[in-house]
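Note that the structure is predicted; figures quoted are calculated from it, not measured. In what follows, every heavy atom counts, from backbone to side chain, and hydrogens, waters and symmetry copies are set aside. Sequence lines set the chain letters: A, B, ... in the order given, protein chains first and strands last, and positions in each chain run from 1.
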Amino acid sequence: MLQLGFIRQNTALVKERLAIKNFKAIDLVDVVLQFDDQRKKLQLESDTTQSKINTISKEIGQLMAKGEKEKAEDKKKEVAVLKSSLQPIADQLQKVESQLNDALVTLPNLPAKSVPPGKTPAENITIREGGAKPKLFPGAVPHWDLAKKYNLIDFELGNKITGSGFPFYINKGAKLQRALIQYFLDYNLAAGYTEYQPPLMVNEATAFGTGQLPDKEGQMYYMNEDKYYMIPTAEVPLTNIYRDEIVKETDLPLKMTGYTPCFRREAGSYGKDVRGLNRLHQFDKVEIVQIVHPDKSYEVIEGMVAHIEKLLQSLELPYRILLLCGGDMSFASALTYDFEVYSAAQEKWLEVSSVSNFETFQTNRMKIRFKDSNNKTQLVHSLNGSSLALPRIVACLLENHQTENSIELPPALHPYFGSPSII
RNA sequence: GGAGAGAUGCCAGAGUGGUUGAAUGGGACUGUCUCGAAAACAGUUUUACGCCUAAUCCGUGUAACGAGGGUUCGAAUCCCUCUCUCUCCGCCA
């Protein structure tokens with residue numbers, strides 16, 4: 001969430017930036033400030049009264065010790081009066097605080113200066129492209145056909161066992177998944193990330209910390225009995241590792257990576273977008289997360305982009321990097337780059353990674369801070385990126401590298417897969 | 001799932017109703033000493049939100065001893081609920 005002090009000091013700028021993000025309820029900014037004014041006023045009243053009560057209570061203690069009971073009784077009456085006057089103020093304060101909080105939490109993060117205006121994905125800016133689109137032979141087919149032909153993935157079986165969007169990976173298909181995960185993790189470890197295997201279910205505080213709640217509640221599977229959410233991405237447990245902590249400045253940057261299945265309800269999705277591996281309810285992903293010094297985050301995000309770009313190059317897939325426009329960015333992000341790979345048989349681009357700088361939006365919710373050289377506590381910045389989401393990578397590997405009677409894998413995968421091709 | 005014990009500051013660990021935001025020890029930091037270091041000695045050492053302020057300094061108020069309620073003039077200390085940890089039993093990959 002945004003920092004109140006910042007909103008107060010830069011009200012015009014905040015409104016201007018929110019507009020770039022295509023946020024409709026700009027008036028909420030003023031509402032927030034009004035609630036904050038009320039809150040301060042009420043707190044002053046409440047604190048002053050409480051202070052008086054505390055003073056008198058101490059006096060009562062001293063009187064009792066001296067045995068001056070009557071005087072003490074008089075003081076008690078005094079306190080009773082103060083307390084009854086405090087009650088309505090305290091109630092009001094609590095109400096205003098929760099109203100303030102509700103409104104504040106509804107405001108999305110401000111887009112960075114470099115974010116282009118725009119409302120739809122069409123207005124995203126292509127930063128660069130790499131890798132050549134392959135020329136497929138006549139008769140080349142989409143990945144769902146290849147998956148069947150080589151018995152790699154069974155979608156129907158997944159339907160039987162769970163439901164649509166929960167495929168089985170079989171034989172070489174399962175091994176390819178395992179190879180990719182291992183390769184991606186090793187690649188991240190070599191770049192200095194620490195590997196974590198986090199829980200796949202998280203509690204409410206955790207889901208709130210990274211911004212899934214209250215905004216994207218319907219996107220997550222929920223365990224009603226235990227009040228746990230299935231993670232939609234490893235970002236959620238990984239970023240929350242340092243929730244409510246004041247880290248040492250010298251420990252920054254904190255770099256975490258982890259492989260997890262991800263669970264998304266994807267309510268409302270249908271049609272050809274969900275065909276095959278394009279959109280699933282459960283999929284595998286390797287994630288990278290960084291907690292960094294606020295001065296460094298924009299440098300770090302470029303580093304993360306370069307990191308993922310090299311990984312994609314090693315897979316020999318045609319890709320492009322998009323700078324997302326204001327309207328297409330997520331609620332919590334200040335700057336997002338999307339990576340898309342070209343699916344040659346479907347003849348379309350598929351998103352396989354999203355790299356974002358959240359600045360203090362998440363860390364303000366999670367209270368992840370550090371002490372700077374002046375010994376002042378301030379919020380760190382958080383970032384994350386997929387490196388990478390597996391299904392669409394698999395789809396493109398299968399489609400783009402298919403030959404008449406096999407699928408050739410890029411050399412980087414050979415040691416992990418144990419063979420140069422899928423036959 | 002059943003029975004019992006417990007949850008205090010960076011860590012260990014006191015504290016069972018009244019100057020306790022919190023003893024003591026350790027750690028960390030600062031200073032003295034030293035060529036430097038160690039030792040010794042002295043000092044400092046939580047966070048959030050108000051007020052004051054040019055100030056994120058200083059001063060000052062309120063709150064926080066797992067979380068949320070309650071009793072009381074007053075609660076870390078008493079009561080209730082929840083969460084978590086430990087021990088024993090049961091179950092079990």
* Would you check, one step at a time, whether the test side-chain hydrogen bond (donor to acceptor under 3.5 Å, both in side chains) holds for N188(A) with H307(A)? => CA-CA 9 Å; N188(A) 292 340; H307(A) 177 77; 2.7 Å; yes
* Nearest-angstrom distance, C1' atom, rU8(B) to rC84(B) -> 15 Å
* N109(A) and S333(A): side chain to side chain contact (heavy atoms under 4.5 Å, CB included), yes or no, with the steps? -> CA-CA 6 Å; N109(A) 200 2; S333(A) 174; 5.8 Å; no
* Would you call the rings of H281(A) and Y221(A) parallel, tilted or perpendicular, where under 30° means parallel and over 60° means perpendicular? -> perpendicular
* Could you check L4(A) against D47(A) and say which one's nearest nucleotide on RNA chain B is further toward the 5' end? => L4(A)
* Interatomic distance where CD1 belongs to I89(A) and C1' belongs to rU62(B) [whole Å] -> 13 Å
* rA63(B) C1' sits how many Å from Q50(A) CD, rounded? -> 9 Å
* Base-pairing assignment for rU20(B) (Watson-Crick or G-U wobble, both under 3.5 Å) -> none
* **Nearest-Å distance once atom P is located in both rU44(B) and rU60(B)** => 15 Å
* **Between E302(A) and Y337(A), a side-chain donor and acceptor under 3.5 Å** => yes
* Asked: Is the Lys NZ or Arg CZ of R365(A) less than 6.0 Å from the centre of F208(A)'s six-membered ring, within 45° of the axis?
  -> yes
* Asked: When the distance from NZ of K376(A) to P of rU46(B) is rounded to whole Å, what number comes out?
  -> 17 Å
* Over how many whole Å does the gap from Q43(A) atom CD to rA48(B) atom P extend? -> 14 Å
* Asked: Does rC92(B) have a Watson-Crick or wobble mate here (both distances under 3.5 Å), and if so which one?
  -> none
* To do: With a 3.5 angstrom cut-off on both distances, give the Watson-Crick or G-U wobble partner of rC33(B), or none if there isn't one.
  => none
* Say whether N364(A) and Q3(A), considering side chains only, have a donor N or O and an acceptor N or O under 3.5 Å apart. => no
* Applying a 3.5 Å limit to both distances, which nucleotide forms a Watson-Crick or G-U wobble pair with rG9(B)? -> none
* Position toward the 5' end of RNA chain B (nearest nucleotide), Y228(A) or L44(A) -> L44(A)
* Phosphate OP1/OP2 of rU62(B) contacted by S51(A) side-chain N/O (<4.0 Å) -> yes
* Asked: Is rA48(B) paired to anything, Watson-Crick or G-U wobble with both distances less than 3.5 Å, and if yes, which nucleotide?
  -> rU62(B)
* Asked: If you measure from the P atom in rA23(B) to the same atom in rU32(B), how many Å do you get, rounded?
  -> 28 Å
Give me the distances for all protein-to-nucleotides 71-75 of chain B N/O pairs that come in under 3.5 Å?
residue, atom, partner, partner atom, Å
rC73(B), O2', S57(A), OG, 2.9
rG74(B), OP1, K83(A), NZ, 2.5

* Using the P atom on both, measure rA12(B) against rA75(B) and round to a whole Å. => 28 Å
* Please state whether the phosphate of rA48(B), meaning OP1 or OP2, lies under 4.0 angstrom from any side-chain nitrogen or oxygen of R369(A). => yes
* To do: Under the side-chain hydrogen bond (donor to acceptor under 3.5 Å, both in side chains) rule, what do E399(A) and H143(A) come out as? Steps first, then yes or no, please.
  => CA-CA 5 Å; E399(A) 292 181 6; H143(A) 68 269; 2.8 Å; yes
* To do: Round to a whole Å and report the spacing from CD1 of I368(A) to P of rU47(B).
  => 17 Å
* **Distance between C1' atoms of rU19(B) and rG1(B) (Å, rounded)** => 49 Å
* What is the base-pairing partner of rG74(B), counting Watson-Crick and G-U wobble geometry with both distances under 3.5 Å? -> none
* With rounding to whole Å, what would you report as the distance between rC89(B) and rA14(B) at their P atoms? -> 27 Å
* Taking C-beta and beyond as the side chain, do F184(A) and L311(A) meet within less than 4.5 Å on heavy atoms? -> yes
* rC57(B): pairing nucleotide in any strand, Watson-Crick or G-U under 3.5 angstrom -> none
* Asked: Can you check whether R39(A) has a side-chain N or O nearer than 4.0 Å to OP1 or OP2 of rC49(B)?
  -> no
* Counting only Watson-Crick or G-U wobble pairs whose two distances fall under 3.5 Å, which nucleotide matches rG4(B)? -> rC86(B)
* Asked: Looking only at atom P, what distance separates rG61(B) and rG21(B), rounded to whole Å?
  -> 12 Å
* Would you call the rings of F331(A) and F361(A) parallel, tilted or perpendicular, where under 30° means parallel and over 60° means perpendicular? -> perpendicular
* **Interatomic distance, K66(A) NZ vs rU19(B) P [rounded to whole Å]** => 16 Å
* To do: Would you kindly give the CG-to-C1' distance between L93(A) and rC49(B), to the nearest whole Å?
  => 10 Å
* Could you give the distance separating rG69(B) and rC65(B) at their P atoms, to the nearest angstrom? => 12 Å
* Asked: In whole angstrom, what separates K371(A)'s NZ from rU46(B)'s C1'?
  -> 8 Å
